[in-house]
Amino acid sequence: MNVELTESLRELIDSHLFPLGEEIDATTDLHAEGLDSLALMQLILLIEKEHAVSIVPADLDRENFSTLGNIAALIVRKQEEA
């Protein structure tokens, strides 16, 4: 798991979308913490801008965006595809 990328995502969500408590780790369910459909769309735009990847409709699987670790893995896959 990319710890640096996971921490970067934590900061991105915490500063732009909604506060994340200190207890949130790479495996915490973000949907239970407040990641709703509007926040998800905002997060996708932030990810595309910050990490120079393109999130396509096929990537919009709940599992891909369920945890910081899963989002980090998606970003790594997208960067490898480019």
Do the side chains of [Y] and [X] get nearer than 4.5 Å, heavy atoms only?
X     : Y     : answer
Ile44 : Glu48 : yes
Leu35 : Ile13 : no
His16 : Gln42 : no
Asn64 : Arg77 : yes

Would you sort out whether Asp61 and Leu74 count as a side chain to side chain contact (heavy atoms under 4.5 Å, CB included), showing the intermediate values? CA-CA 11 Å; Asp61 182 284; Leu74 173 65; over 6 Å; no
Not counting sequence neighbours, which residues clear salt bridge (Lys or Arg N to Asp or Glu O under 4.0 Å) with Asp59? List them please. Lys78
So which atom in [X] and which in [Y] form the shortest heavy-atom distance, rounded to 0.1 Å?
X     : Y     : answer
Glu33 : Phe18 : O-CE1, 3.7 Å
Ile75 : Val53 : O-CG1, 4.1 Å
Glu63 : Asn70 : O-ND2, 2.9 Å

Set of residues satisfying side-chain hydrogen bond (donor to acceptor under 3.5 Å, both in side chains) with respect to Asp14, sequence neighbours excluded: none
Going by side-chain hydrogen bond (donor to acceptor under 3.5 Å, both in side chains), name the residues that satisfy it together with Asp25, two or more places apart in sequence or in a different chain.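 If we apply the side-chain hydrogen bond (donor to acceptor under 3.5 Å, both in side chains) test to Asp25, skipping adjacent residues, the hits are Thr27, Thr28.
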To the nearest 0.5 Å, how far apart are CG in Leu12 and CD1 in Ile47? 7.0 Å
